[in-house]
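Read the structure below first, then the notes.
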Amino acid sequence: MPFRPHDAIPVEPTFDTAIGLAGGQRVGAVVGENPDFENADYIFTSEQIVIELKEIQTDWPKLDLYRERIDTLIDTCLASGRITKAHLDGVVPIARDVRRDFMQILRRPVKRILEKANRQIRDTHAHFGHQQGEGVLILVLDGLLSVAPVNTMALVCKILLHDYSSISAVIGVTVNEYSEVSGDDYARLLWIPAYKERATDRLVEFVDALGQKWSEHLQDCIGKFDDRYVGLDRSLLDRTSFITSSS
């Protein structure tokens with residue numbers, strides 16, 4: 001069972017409020033709730049920034065289809081010596097190239113999410129006639145507890161490297177599920193931005209400011225944080241995993 005120090009809050013309405021506090025609005029409030037195009041969720045009109053909110057709601061490795069493929073890959077890696085029982089027991093960290101192979105099993109469902117988000121962002125820019133529009137995907141990771149957030153974000157970034165040009169930045173977020181960092185005393189909610197190489201300083205500054213508004217609103221909803229880390233030490237993500245009752 002997940003570790004939940006606060007009562008679950010609704011994801012989309014909570015983001016609706018936070019986006020509003022940051023100066024954005026729902027696209028539906030501008031074009032109506034049944035537009036004739038595939039619309040993204042939010043727009044910051046003066047900045048020409050469009051945001052799509054997606055939630056991963058399925059823990060794919062727990063489904064039989066994916067479980068079978070994972071078990072097959074484990075057997076293959078054990079036979080070849082790429083992993084050992086010590087790796088499976090968590091005593092020894094699994095090498096990055098092996099982790100990438102396991103994450104490739106989840107490539108198809110993740111790609112479906114990115115493909116739809118890209119289309120919604122692209123069509124929204126086109127509807128509003130944006131000439132210098134930026135697209136941001138907020139990806140809520142709460143439903144994928146079997147996978148460490150760093151691995152999910154690595155897969156997302158790998159897919160976005162050459163595809164889906166309407167997405168300039170992706171933000172991995174947790175809302176109701178907490179993570180722990182090895183060697184750290186706090187349970188943490190995540191806000192993990194990642195950018196395509198072409199992303200502008202303007203977009204980075206926008207995402208930083210949005211993250212601050214999100215943090216403030218989240219604390220209004222669930223109470224003040226005991227600690228907050230803002231920084232560029234990406235190595236912390238390598239030591240981050242979801243907390244469950246068995247952790």
Side-chain angles (χ1 to χ4, degrees), residues 9-56 110 113-141 149 152-153 156-157 159-175 189-221 225 228-232 234:
I9 57 176
V11 172
E12 188 169 328
T14 305
F15 267 104
D16 286 353
T17 302
I19 294 291
L21 291 171
Q25 58 190 137
R26 287 197 66 89
V27 171
V30 182
V31 301
E33 291 302 326
N34 295 297
D36 59 358
F37 64 97
E38 286 194 79
N39 64 288
D41 288 308
Y42 306 108
I43 186 169
F44 287 75
T45 302
S46 61
E47 295 91 341
Q48 294 192 13
I49 292 176
V50 169
I51 297 177
E52 174 60 19
L53 173 67
K54 296 291 188 191
E55 298 179 57
I56 297 180
V110 171
I113 292 173
L114 300 181
E115 183 175 14
K116 184 171 184 181
N118 184 78
R119 188 166 60 246
Q120 290 171 288
I121 291 170
R122 180 196 65 208
D123 290 0
T124 302
H125 280 312
H127 176 83
F128 286 99
H130 293 165
Q131 300 301 310
Q132 296 180 326
E134 302 271 22
V136 178
L137 169 63
I138 297 177
L139 187 60
V140 181
L141 308 174
T152 302
M153 290 298 292
V156 168
C157 290
I159 295 172
L160 288 177
L161 186 62
H162 301 296
D163 292 324
Y164 306 128
S165 60
S166 293
I167 301 174
S168 298
V170 58
I171 308 168
V173 181
T174 55
V175 179
L189 295 172
L190 304 178
W191 175 275
I192 311 167
Y195 303 91
K196 284 194 171 179
E197 188 174 353
R198 69 166 190 272
T200 62
D201 291 342
R202 176 180 76 97
L203 181 61
V204 174
E205 291 168 1
F206 170 86
V207 170
D208 287 345
L210 182 62
Q212 178 62 40
K213 287 295 184 184
W214 169 248
S215 174
E216 292 170 0
H217 179 57
L218 197 55
Q219 290 180 81
D220 287 340
C221 293
F225 300 154
R228 183 171 181 262
Y229 171 78
V230 178
L232 300 176
R234 308 295 287 191

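Note that the structure is a prediction, hence the values are computed from the model and not measured. Note: hydrogens, waters and symmetry copies are ignored here, and every other heavy atom, side chains too, is used.
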Quick one: does [X]'s side chain have a donor or acceptor within less than 3.5 Å of a partner on [Y]'s backbone?
| X | Y | value |
| --- | --- | --- |
| Gln48 | His130 | no |
| Ser168 | Ala199 | no |
| Thr124 | Gln120 | yes |

Which atom pairs, one a donor and one an acceptor, fall under 3.5 Å between side chains of residues 202-210 and the rest of the protein, sequence neighbours left out?
from: Arg202; atom 1: NH1; to: Glu47; atom 2: O; distance (Å): 2.8

Legend entry - side chain to side chain contact (heavy atoms under 4.5 Å, CB included) partners for His127, two or more places apart: Val31, Phe37
My understanding is that only residues two or more places apart in sequence, or in another chain, count here; which of them pass salt bridge (charged side-chain N to carboxylate O under 4.0 Å, His left out) with [X]?
| X | value |
| --- | --- |
| Asp220 | none |
| Glu115 | none |
| Arg228 | none |

Let me check something: any side-chain donor-acceptor pairs from residues 10-19 under 3.5 Å, sequence neighbours excluded? List them with distances.
from: Glu12; atom 1: OE2; to: Arg26; atom 2: NH1; distance (Å): 3.1
from: Glu12; atom 1: OE2; to: Arg26; atom 2: NH2; distance (Å): 3.3
from: Thr14; atom 1: OG1; to: Pro10; atom 2: O; distance (Å): 2.4
from: Asp16; atom 1: OD1; to: Arg26; atom 2: NH1; distance (Å): 2.8
from: Asp16; atom 1: OD1; to: Tyr42; atom 2: OH; distance (Å): 2.6
from: Thr17; atom 1: OG1; to: Pro13; atom 2: O; distance (Å): 3.3

Inset, instruction - Sort out for me which residue in Val156, Ile159, Ile192 forms a side-chain contact (heavy atoms from CB on, under 4.5 Å) with Val170. - result: Val156
Those residues that, when tested against [X], pass side-chain hydrogen bond (donor to acceptor under 3.5 Å, both in side chains) (two or more places apart):
| X | result |
| --- | --- |
| Lys116 | none |
| Glu52 | Lys54 |
| His217 | none |
| Gln25 | none |

Gap separating the [atom1] atom of [X] from the [atom2] atom of [Y], nearest 0.5 angstrom:
| X | Y | atom1 | atom2 | answer |
| --- | --- | --- | --- | --- |
| Leu137 | Ile113 | CG | CD1 | 8.5 Å |
| Thr174 | Leu141 | OG1 | CG | 7.0 Å |
| Glu134 | Ile51 | CD | CD1 | 11.5 Å |
| Ser165 | Leu160 | OG | CG | 10.5 Å |
| Leu161 | Lys196 | CG | NZ | 8.0 Å |
| Ile138 | Asp41 | CD1 | CG | 9.0 Å |

Note, [X] side chain near [Y] side chain (heavy atom, < 4.5 Å):
| X | Y | answer |
| --- | --- | --- |
| Val173 | Trp214 | yes |
| Asp163 | Leu114 | no |
| Arg119 | Arg122 | yes |
| Phe225 | Leu218 | yes |

Inset, instruction - Output, in order, the C-alpha distance, side-chain angles, deciding distance and verdict of side-chain contact (heavy atoms from CB on, under 4.5 Å) for Val27 and Phe128. - result: CA-CA 10 Å; Val27 171; Phe128 286 99; 4.3 Å; yes
Distance-minimising heavy-atom pair for [X] and [Y]:
| X | Y | answer |
| --- | --- | --- |
| Met153 | Ala194 | CE-CB, 4.3 Å |
| Asn118 | Ser166 | OD1-N, 2.8 Å |
| Phe44 | Gly24 | CE2-N, 3.1 Å |

